[in-house]
Amino acid sequence: MTARAIMVLGTSSHVGKSLLTTALCRIFALQGHRVAPFKSQNMSLNSAATIEGLEIGRAQALQAEAAGIAPSVHMNPILLKPAGNMTSQVVVRGRIWGRLTASDYHRRRVEELMPVVCESYAALAAKYDVVVLEGAGSPAEINLKQHDIVNLRMAEMADASCLLVGDIDRGGVFASLLGTVKLLEPDEQARIQGFVINKFRGDVTLLSPGIRMMEDRLQKPCLGIVPYLDNLALEEEDSLGLPQLHASDNADWISSTPNRPLRIAVVALPSFSNFTDFDALRSEPSVELRFCRSVSQLRRADVVILPGSKQTVDDLIWMRTEGIDRVVIEYAGTGLVVGICGGMQMLGEQILDPHGVETAGSTMGLGLLPIHTTMLSAKVTSPGDGQLVIESLFGHPIRKVALSGYEIHVGETFYLERARPFAQLTRHSDQALESQNDGCITQDTRIFGTYLHGLFDEDSFRHFFIAAAREFHQLAPANKLNNWREKRKEALDRLATSVKQSLDMPRIFGWVGLSYRNSEAVG
């Protein structure tokens with residue numbers, strides 16, 4: 001292992017570890033250093049496919065993008081995907097390894113997987129100048145420390161200097177910082193070189209007395225205060241980052257003016273996966289997208305989307321229990337409905353699971369697309385690109401539009417009589433390129449499904465989707481449409497600039513024996 005290492009730890013989940021790691025990766029890269037992210041174990045339903053057709057956490061893919069490198073399975077060798085009933089699907093180096101209870105995993109399997117983690121870290125450390133490690137949850141989860149595989153045990157293995165992040169927006173930041181450090185052993189405390197206060201809003205001078213007291217109590221410096229960044233448009237790691245669900249119905253969706261936003265309702269399934277699929281749509285000024293979990297919240301929507309799901313059949317049963325299935329079917333009689341991945345499977349006639357991959361047996365779908373799906377134990381994980389093969393969408397003529405994204409799903413979908421594919425995709429893998437039909441669209445083009453995650457990130461398709469949906473509902477054309485790739489670059493640069501200006505970067509660079517150039521410009 002030759003790389004220098006820094007580790008970002010947090011006082012709890014969702015304090016900003018992932019985005020701070022993203023910022024550090026970008027700052028090191030902009031200073032001319034080869035840098036890679038690493039998170040040994042990640043629990044998330046948001047995932048991405050590498051170029052080799054392997055699955056990693058979505059946050060590590062973003063961090064690789066910030067570093068200017070291709071995502072690798074070594075950046076996240078263990079991915080835990082919650083699967084219900086206190087179990088998780090365990091993905092090891094990008095492939096399904098098993099399905100375990102939390103107890104079995106922590107008590108028996110962690111030590112079995114530790115060599116895999118060490119090998120993946122060594123592969124990165126041999127290739128890059130700097131590795132920025134990210135912890136999970138809190139390093140002071142004393143009930144789990146005996147079999148730690150992601151926090152201070154990794155810091156020791158990598159000989160990493162650590163910074164501890166606390167989220168002031170959630171309240172209690174001083175108590176959480178102090179309590180985290182005090183629950184650690186002396187040698188573990190010594191690994192933490194300083195602390196960061198994240199997501200601050202207001203007058204920073206009001207924090208000064210508390211910061212001085214914390215520095216005295218901890219005998220560690222405050223490395224800086226990072227402000228709360230609104231509308232950053234960068235994906236969150238887990239469901240804590242999901243925008244707040246609307247607790248009431250959509251009574252405010254009452255405007256009838258032709259210039260109003262296009263109203264998109266995404267059904268927030270209990271096992272909702274890859275909610276980042278909708279970040280690009282949410283950023284559009286001509287769109288108002290909401291995540292909904294009740295019948296009343298779907299009212300007055302212009303487009304209803306069924307998203308990806310980790311437990312497709314369980315979520316379909318939940319929809320029936322809540323009466324959402326009836327609303328979707330009724331709306332599909334005259335409106336616009338979309339299914340992404342598991343959502344597309346739900347729109348079909350039937351889901352068969354002969355091997356008990358999710359729920360053994362046969363389940364009737366919503367019957368809105370002439371397809372059926374058979375669950376298989378092997379998972380498809382592949383980047384893909386291609387073109388639409390349809391001539392119109394929502395009744396609006398369409399030219400040949402390029403598509404790109406990635407597939408992550410179990411199950412093979414079959415076409416029934418009268419079925420029409422939605423797109424022609426080329427799957428990328430380390431073996432070969434494979435061209436095949438994807439998705440399905442109804443004859444009247446009002447309902448379609450696809451396996452392609454990231455579909456809306458492609459500007460040409462998203463812009464056409466918005467234009468076609470607005471025309472269908474007799475709304476005025478959008479006054480402005482975003483360039484999503486440029487917006488992401490601007491967001492990464494904005495994040496890096498904020499962190500550069502907020503933290504003691506010379507000190508942080510000094511931890512790994514590097515000099516920091518203050519004149520470096522982000523761009």
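Keep in mind that the numbers below use all heavy atoms, side chains included, and drop hydrogens, waters and symmetry copies.
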Practice item. Answer yes or no: is there an ion pair linking Asp104 with Arg109, defined by an N-O contact shorter than 4.0 Å? Key: yes
Exercise for review: Could you name each residue pair satisfying side chain to side chain donor-acceptor pair (under 3.5 Å) that touches residues 137-146, not counting sequence neighbours?
Suggested key: Lys145-Glu188
**Study point:** Polar side chain donor-acceptor pair, Asn274 to Tyr406, under 3.5 angstrom
**Key:** yes
Review point. Is the CG atom of Asn231 crowded by more than 12 outside heavy atoms at less than 6.0 Å?
Key: no
Point to revise | Salt bridge flag under 4.0 Å for residues Arg282 and Asp277 | key: no
Check your understanding: Salt bridge or not for Asp159 and Arg191, using N-O below 4.0 Å?
Key -> yes
Check your understanding: Would a distance-only check, ignoring hydrogens and angles, find a side-chain to backbone donor-acceptor pair under 3.5 Å from Gln193 to Ala190?
Key -> yes
Check your understanding: Is there a donor-acceptor contact under 3.5 Å linking the side chains of Ser40 and Arg153?
Key -> no
Practice item. Consider only side-chain N and O atoms of Ser47 and Arg58, and report whether a donor and an acceptor are under 3.5 Å apart. Key: no
**Study point:** Asp279 side-chain N/O to Leu281 backbone N/O, donor-acceptor pair under 3.5 Å
**Key:** no
Review point. Any donor and acceptor pair, going by atom type alone, linking the side chain of Asp459 with main-chain N or O of Trp484 inside 3.5 Å?
Key: yes
Review point. For Ser404 and Glu458, does a side-chain donor sit closer than 3.5 Å to a side-chain acceptor?
Key: yes
Point to revise | Lys310 bridged to Glu358 by N-O distance under 4.0 Å | key: no
Point to revise | Exercise: do Ser294 and Ser296 side chains pair donor with acceptor under 3.5 Å | key: yes
Exercise for review: State whether the side chain of Arg507 and the backbone N or O of Leu223 hold a donor-acceptor pair below 3.5 Å, judged by distance alone.
Suggested key: no
Check your understanding: Could you give the distance from CD1 (Ile211) to CG (Leu218), rounded to the nearest 0.5 Å?
Key -> 12.0 Å
Exercise for review: Establish, yes or no, whether a centroid distance under 6.0 Å links the rings of Phe465 and Phe456.
Suggested key: yes
**Study point:** salt_bridge(Lys220, Glu215) N-O dist < 4.0 Å
**Key:** no
Exercise for review: Mark yes or no for whether Ser498, through its side chain, and Arg494, through its backbone, hold a donor-acceptor pair below 3.5 Å.
Suggested key: no
Review point. Should Gln63 and Lys39 be marked as a side-chain hydrogen bond (donor to acceptor under 3.5 Å, both in side chains) after you check the CA-CA gap, both sets of side-chain angles, and the distance that decides it?
Key: CA-CA 10 Å; Gln63 291 158 1; Lys39 186 165 185 175; over 6 Å; no
Review point. When you check the gap from the basic side-chain N to the acidic O, do Lys487 and Glu284 get nearer than 4.0 Å?
Key: no
Check your understanding: Does a side-chain N-to-carboxylate-O contact under 4.0 Å join Asp493 and Lys489?
Key -> yes
Review point. Which residues pass the side-chain hydrogen bond (donor to acceptor under 3.5 Å, both in side chains) test with Arg93, sequence neighbours left out?
Key: Glu119, Ser120
Point to revise | Pair Tyr105, Gln41: side-chain N/O donor-acceptor within cut-off below 3.5 Å | key: yes
Practice item. Taking the side chain as every heavy atom from C-beta outward, state whether Glu55 and Arg95 have any atom pair closer than 4.5 Å. Key: no
**Study point:** Donor-acceptor pair, side chain of Arg293 and main chain of Ala268, under 3.5 angstrom
**Key:** yes
Exercise for review: Using atom types as modelled and distance alone, determine if a side-chain donor or acceptor of Asn46 lies under 3.5 Å from a backbone N or O of Phe275.
Suggested key: yes
**Study point:** Pairing of Asp129 and Arg4 as salt bridge, 4.0 angstrom limit
**Key:** no
Check your understanding: How about Leu206: does its CG atom have over 12 heavy atoms from other parts shown lying under 6.0 Å from it?
Key -> yes
Check your understanding: Just by distance, do the side chain of Gln89 and the backbone of Gly98 share a donor-acceptor pair under 3.5 Å?
Key -> no
Check your understanding: Ignoring hydrogens and geometry, is there a side-chain-to-backbone donor-acceptor pair from Asn482 to Ser283 under 3.5 Å?
Key -> yes
Exercise for review: Tell me yes or no: between the side chains of Asp203 and Thr205, is some donor less than 3.5 Å from an acceptor?
Suggested key: yes
**Study point:** Trace of the side-chain hydrogen bond (donor to acceptor under 3.5 Å, both in side chains) decision for Ser309 with Gln311
**Key:** CA-CA 5 Å; Ser309 167; Gln311 295 293 116; over 6 Å; no
Check your understanding: With no hydrogens and no angle check, is any side-chain donor or acceptor of Asp315 less than 3.5 Å from a backbone partner on Ser271?
Key -> yes
Review point. So, Arg488 and Asp457, do they make that salt bridge, N to O below 4.0 Å?
Key: no
Practice item. Consider only side-chain N and O atoms of Glu111 and His147, and report whether a donor and an acceptor are under 3.5 Å apart. Key: yes
